[in-house]
Amino acid sequence: MVNLIGTYECKADAKGRLMIPVAFKKQLSPVLQEGFVLKRAVFQSCLELYPMEEWNLLMQKMNKLNRFKKKNNDFIRRFTAGVKVVEIDATGRLLIPKDLISFAGITKELVLSSAVNIIEIWDKTQYEKAIDAAAVDFADLAEEVMGFDDEISQD
């Protein structure tokens, strides 16, 4: 399991290639040869880069869904829409396919941001808007997501 740390700005060239920041490349070095999966994010207009090991763990969970339930099939289809297997080349570049560039509204300026075990790839303007929008409610969100009830026993 990879736990990634950092947020970095970089640029994409006209073909949609970006240089993975050295700090991320070092963190990804144990899984670099296995490849990656690049997909649309569920909740935001950004992309998610999964190390293959992380993707396979997620697919194991997804495989347990009952495919004879329409909502499960619909979810799987939507979740995997536009999924691409990608590699980081020998020079440390990642090629983002054109359909995913369009989905995320990616221009030249990008932000790569760690999200525990994956990397989110954002157009810089979109990232700044998302961070600003979330800032207002972050204290309430932090309490709701990470706050512990008094009823939970403390060790």
Side-chain angles (χ1 to χ4, degrees), residues 1-13 15-107 109-131 133-134 137-138 141-142 144-148:
M1 178 127 169
V2 178
N3 289 310
L4 301 163
I5 299 169
T7 300
Y8 305 93
E9 293 183 13
C10 60
K11 296 180 192 293
D13 68 14
K15 294 181 180 177
R17 292 178 300 204
L18 66 102
M19 186 68 71
I20 298 292
V22 173
F24 272 150
K25 212 168 141 189
K26 285 180 182 176
Q27 293 175 62
L28 292 169
S29 65
V31 296
L32 216 47
Q33 298 306 314
E34 296 171 29
F36 299 85
V37 171
L38 187 62
K39 69 174 291 300
R40 302 171 183 177
V42 174
F43 299 109
Q44 301 286 344
S45 293
C46 70
L47 304 176
E48 297 172 337
L49 183 68
Y50 286 78
M52 193 59 74
E53 177 183 351
E54 298 295 332
W55 179 257
N56 289 337
L57 290 171
L58 186 57
M59 289 300 99
Q60 285 175 8
K61 289 180 184 176
M62 191 113 24
N63 225 2
K64 293 177 183 171
L65 295 174
N66 182 345
R67 300 289 302 253
F68 286 96
K69 289 187 177 180
K70 184 181 181 315
K71 69 178 180 180
N72 291 352
N73 259 343
D74 291 347
F75 171 76
I76 291 167
R77 184 176 311 107
R78 184 76 175 105
F79 185 82
T80 58
V83 168
K84 304 280 192 294
V85 174
V86 294
E87 293 181 358
I88 296 173
D89 70 17
T91 61
R93 292 181 307 183
L94 173 71
L95 175 63
I96 302 173
K98 295 218 180 292
D99 62 322
L100 295 179
I101 286 174
S102 295
F103 169 82
I106 289 174
T107 56
E109 304 286 325
L110 302 176
V111 173
L112 274 60
S113 180
S114 62
V116 186
N117 59 348
I118 66 171
I119 295 173
E120 292 179 340
I121 301 173
W122 291 82
D123 176 77
K124 183 179 179 185
T125 304
Q126 297 284 358
Y127 179 77
E128 289 170 356
K129 285 180 188 173
I131 292 297
D137 301 322
F138 188 68
L141 180 63
E144 187 177 326
V145 173
M146 297 300 290
F148 298 105

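Just so it is clear, the structure is predicted and the values come from calculations on it, not from any experiment.
Here the side chains of Met62 and Leu65 are in contact, with some heavy-atom distance below 4.5 Å. When side chains are defined from C-beta on, Leu100 does not count as touching Ile121, because their heavy atoms never get closer than 4.5 Å. Between Asp89 and Leu95, the closest side-chain pair of non-hydrogen atoms is not below 4.5 Å. Proximity of Phe79 to Lys39: side-chain heavy atoms (C-beta onward) are separated by under 4.5 Å at one or more points.
The two residues Pro51 and Val31 come nearest to each other via the heavy atoms CB-CG2, 3.9 Å. Taking every heavy atom of both residues into account, Cys46 and Ala104 meet most closely at CA-CB, 4.0 Å. Looking at every heavy atom in both residues, Pro30 comes nearest to Glu34 through O-OE2, 4.1 Å. Leu110 and Ala12 make their closest contact through CD1-CB, 3.8 Å (heavy atoms, listed as atom of the first residue, atom of the second, distance). In plain terms, the two heavy atoms of Arg40 and Glu48 that are nearest each other are O-OE1, 4.1 Å. Closest of all the heavy-atom pairs between Tyr8 and Ala23 is OH-CB, 3.1 Å.
Annotation: Glu87, atom CD; neighbour count of heavy atoms from other residues, nucleotides and ligands within 6.0 Å does not exceed 12. Annotation: Lys84, atom NZ; neighbour count of heavy atoms from other residues, nucleotides and ligands within 6.0 Å is above 12. Within 6.0 Å of the CZ atom in Arg17, the count of heavy atoms belonging to other residues, nucleotides or ligands exceeds 12.
Taken to the nearest 0.5 Å, the OG1 atom of Thr125 stands 8.0 Å off from the CD atom of Glu109. Rounded to the nearest 0.5 Å, atoms CG (Asn63) and CD1 (Ile76) are 8.0 Å apart. Within the model, atoms CE of Met59 and CE of Met52 stand 10.5 Å from one another, a figure rounded to the nearest 0.5 Å. Atom NZ in Lys11 sits 10.0 Å away from atom OG1 in Thr107 (nearest 0.5 Å). To the nearest 0.5 Å, atoms NZ (Lys129) and NZ (Lys124) are separated by 13.5 Å. Here Ile20 contributes atom CD1 and Leu94 contributes atom CG; the two are 5.0 Å apart, rounded to the nearest 0.5 Å.
Residues Asp74 and Arg78 are not paired through a salt bridge, judged by the lack of any N-O separation under 4.0 Å between the basic side chain and the carboxylate.
When each of Leu47, Thr7, Leu112 is paired with Ile119, the side chain to side chain contact (heavy atoms under 4.5 Å, CB included) condition holds for Leu112 and for no other. The residue from Leu28, Val116, Asn117 that alone fulfils the side chain to side chain contact (heavy atoms under 4.5 Å, CB included) condition with Leu4 is Leu28.
A distance-only check finds no donor-acceptor pair linking the side chain of Ser113 to the backbone of Glu120 [under 3.5 Å]. Formation of a donor-acceptor pair under 3.5 Å by the Asn73 side chain with backbone atoms of Arg67 is found in this model. A donor-acceptor pair under 3.5 Å is formed between the side chain of Gln27 and the backbone N or O of Ile5.
The aromatic rings of Tyr50 and Trp55 sit perpendicular to each other, their planes meeting at more than 60°, with 30° as the lower class boundary.
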